[in-house]
Amino acid sequence: MTEQNELIKSRLDALEEIIKLGINPYPHRFDVSSKAREILDTFRDPTDEKELEELRSKKVSIAGRIMAIRRMGKASFCHIKDDTGKIQIYIRQNDVGEKLYSLFKLLDIGDIIGVNGFVFRTKMGEISIHADSFELLCKSVRPLPIVKEEITDTGEKIIHDAFADVELRYRQRYLDLVVNDGVKDVFLKRTKIIKSIKNTLEKYGFIEVETPTLQTIYGGANARPFITHHNALDIPLYLRISNELFLKRLIVGGFNRVYEFVKDFRNEGIDRTHNPEFTQVEWYMAYGDYYDSMNLFEEVIENACIEACGSNKITYQGTEINFSRPWRRIKMTDAIAEKNGIDVLNMKKDDIIKYMKDKHIDFDPAISHSKGLLIANLFEETCEEDLIQPTFVIDHPIDTTPLCKPLREYSMTQIEEMKKDPEQVIFVERFEPYINKWELGNSYTELNDPILQRKLLEEQAERGRGGEEDTHPFDEDFVRAIEVGMPPTTGVGLGVDRLVMLLTDSYSIRDVILFPLMKPVDSKI
RNA sequence: GGGCCCGUAGCUCAGUGGUAGAGCAUCUGCCUUUUAAGCAGAGGGUCGGAGGUUCGAAACCUCCCGGGCUCACCA
């Protein structure tokens, strides 16, 4: 009925013909001896006829998907693509016989074949495989969106009719991967980056662990969770928004250095840097503080960058970014002073509010009770935009997190006094690494004082994020663990997707997630 | 959620009120070193959906569906 069906029908007809020839269009295996890249790299020198002559006797077996066919009567060329690249195949009826050649006539772009033959160079100079025989390994019955490549005289590659509809590319990633060169490279780089992060951590004795995705109480971050239900127990369960509280329990339990790559799930908006499920790596190190974490963070990122890009300098969307260590470290209040020329520490809370109003800086009135949150807000609104090169913004107000230890310069009694005065701001040993204006992670000298921990978590649970519905449940068992005693510890969370975006020069987070969340659709193919 | 933009053949796109188009892909024929192969011919569309305006709508209006960008939200 539709054109699509006619295209499929002609392929189904071909499939029937193939079966009539007594050929199994879906055989079980094929011995692969060579890869396209390897062959092209080996036979790079077009003038070396002697070498080519020698290799004529050497047989290769290669398998891949047909990406282009040029038939010329009783001889044909096609390009096949394997997991390393594309290579041209030359097939003559004289060489493969009439039966196989008639099979070849029934093949389409998208079919997968295995070829036995020898390497040669065509008149036009392209390294190709001269087929002695070939085998159909999979008949494709659904057409591919054809991409045509043209190599200009200057060696420039022009892509014609690129499969560019981003919606279809994300929904049918398998097509995107087959047809669009470069997509696969992004994901290969992604695994390289993850492997590099693991290598750096393993080098320092970190152990990979696994903690629950389904949690009865969520915590460790401020975000709305996805809620699901367990039938047998008849209880609500939450998809984790963070694994922080579990990893700390492991530190309590005696694992001194742990890390975990996890999918976190946050029921928030979707945009260029946010997907509802995203990958984070968190690591925790006993007996260290946030300075140790900064040093390790720099090393992890620089290593990953060199591993993936071959250099510690990259260009992201036209902006050069230099990951060389050490990175700039600046206190949040100094960053504000530098940008705004004001010293928030010597300003009254109301003066800060007035300053922000005068400068037309937006802030939620619900935070006006907290000088610390106002400072954090002022920082975000005025300073983030300048943080292109890797920068650690350190020492955040305590109201921004209940899980981080106050600066070491305070005494415990001092903290009690300061908490009573709304004009005093307690700062905590927290840093956020900024690159290209993005928060790439989060790190603390972890709070291990059980009395203060309980108090801060209770306060937060009460506050309920300024009247919002999604109050954070109080995790009694976590506090119990801290009461058992956690050694001095530092921990780091790193947003893997955003790091991969930077290192692959990807504009959207969807370009670094193989199957990003898409609205369901039923009628679209 | 707000604003702006997009949806026409399998793919990439033209088409601003008067009989739905191009290239590639597909089908038929020719072609034993081609390469965006070539030559000759053919088929293929509820123009995202529904309603409206009009003698007449792919185009104009309304609503809906899907998507993109952006702002807000997401410490």
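The chains referred to below are lettered A, B, ... by the order of the sequence lines, with proteins before strands, and numbering in each begins at 1.
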Mind checking if A:Glu439 touches a base, just sugar-phosphate, or nothing, with heavy atoms under 4.0 Å? nothing
Scan A:Asp111, A:Ile129, A:Ile89 and name whichever one has a side chain to side chain contact (heavy atoms under 4.5 Å, CB included) with A:Ile80. A:Ile89
Distance check needed: B:rC74 P versus A:Phe363 CZ, whole Å only. 14 Å
Categorize A:His79 for me: base, sugar-phosphate, or nothing, with a 4.0 angstrom heavy-atom threshold over every strand shown. base
Donor-acceptor pair under 3.5 Å, A:Ser10 side chain vs B:rU26 base: no
Give one of base, sugar-phosphate or nothing for A:Asn94, where a contact means two heavy atoms less than 4.0 Å apart. base
Using a cut-off of strictly less than 4.0 Å, decide whether A:Arg71 has a side-chain nitrogen or oxygen near OP1 or OP2 of B:rU32. no
Name the nucleic acid region contacted by A:Ala164, choosing base, sugar-phosphate or nothing; use a 4.0 angstrom heavy-atom cut-off, strictly under. sugar-phosphate
Taken to the nearest whole Å, NZ/A:Lys9 to C1'/B:rA25 is 18 Å
Nearest-angstrom distance from the residue atom CG of A:Leu107 to P of B:rC27: 12 Å
Give a yes or no answer on whether the side chain of A:Arg266 reaches the backbone of A:Ile241 with a donor-acceptor pair at less than 3.5 Å. yes
Give none if B:rC60 has no partner; otherwise give the nucleotide forming a Watson-Crick or G-U wobble pair with it, both distances under 3.5 Å. B:rG52
Check whether any side-chain N or O of A:Tyr507 sits under 4.0 Å from OP1 or OP2 of B:rU70, and answer yes or no. yes
Are more than 12 heavy atoms from other residues, nucleotides or ligands located less than 6.0 Å from atom NZ of A:Lys437? no
Pair partner, B:rG44 [Watson-Crick or wobble, under 3.5 Å]: none
Rounded to whole angstroms, how far apart are CG on A:Asp165 and P on B:rG66? 15 Å
Any heavy-atom pair between the side chains of A:Tyr290 and A:Ile394 that's under 4.5 Å? yes
Look at the side chain of A:Gln88 against the base of B:rU34 and say whether a donor-acceptor pair falls under 3.5 Å; ignore hydrogens and angles. yes
Contacts under 3.5 Å, N or O only, protein and nucleotides 47-49 of chain B:
none

Give the rounded distance in Å between these two atoms: CZ of A:Arg11 and P of B:rA25. 13 Å
How many whole angstroms separate atom CZ of A:Phe163 from atom C1' of B:rA25? 14 Å
Please work out which residues in residues 269-277 of chain A have a non-hydrogen atom less than 4.0 Å from an atom of RNA chain B and list them by number. A:Asp271, A:His274
Can you check whether any acceptor in the base of B:rU26 is under 3.5 Å from a donor in the side chain of A:Glu6, or vice versa? no
Counting the benzene-type ring for Trp, do A:Phe261 and A:Trp283 have ring centres under 6.0 Å apart? no
Can you tell me the pairing partner of B:rC69 across any strand shown, Watson-Crick or G-U wobble, with both distances under 3.5 angstrom? B:rG3
Considering Watson-Crick and G-U wobble pairs with both distances under 3.5 Å, what does B:rC39 pair with? B:rG29
Tell me whether the centres of the aromatic rings in A:Phe163 and A:Tyr170 are closer together than 6.0 Å. no
Is there a side-chain contact between A:Arg498 and A:Thr273 (heavy atoms, below 4.5 Å)? yes
Run the salt bridge (charged side-chain N to carboxylate O under 4.0 Å, His left out) test against A:Lys357 and tell me which residues pass, sequence neighbours left out. none
Heavy-atom distance under 4.5 Å between the side chains of A:Tyr444 and A:Lys405, does that happen here? no
4.5 Å side-chain heavy-atom contact, A:Phe427 and A:Pro406: no
Contact class for A:Gln93 vs. all strands (heavy atom < 4.0 Å): base, sugar-phosphate, or nothing? nothing
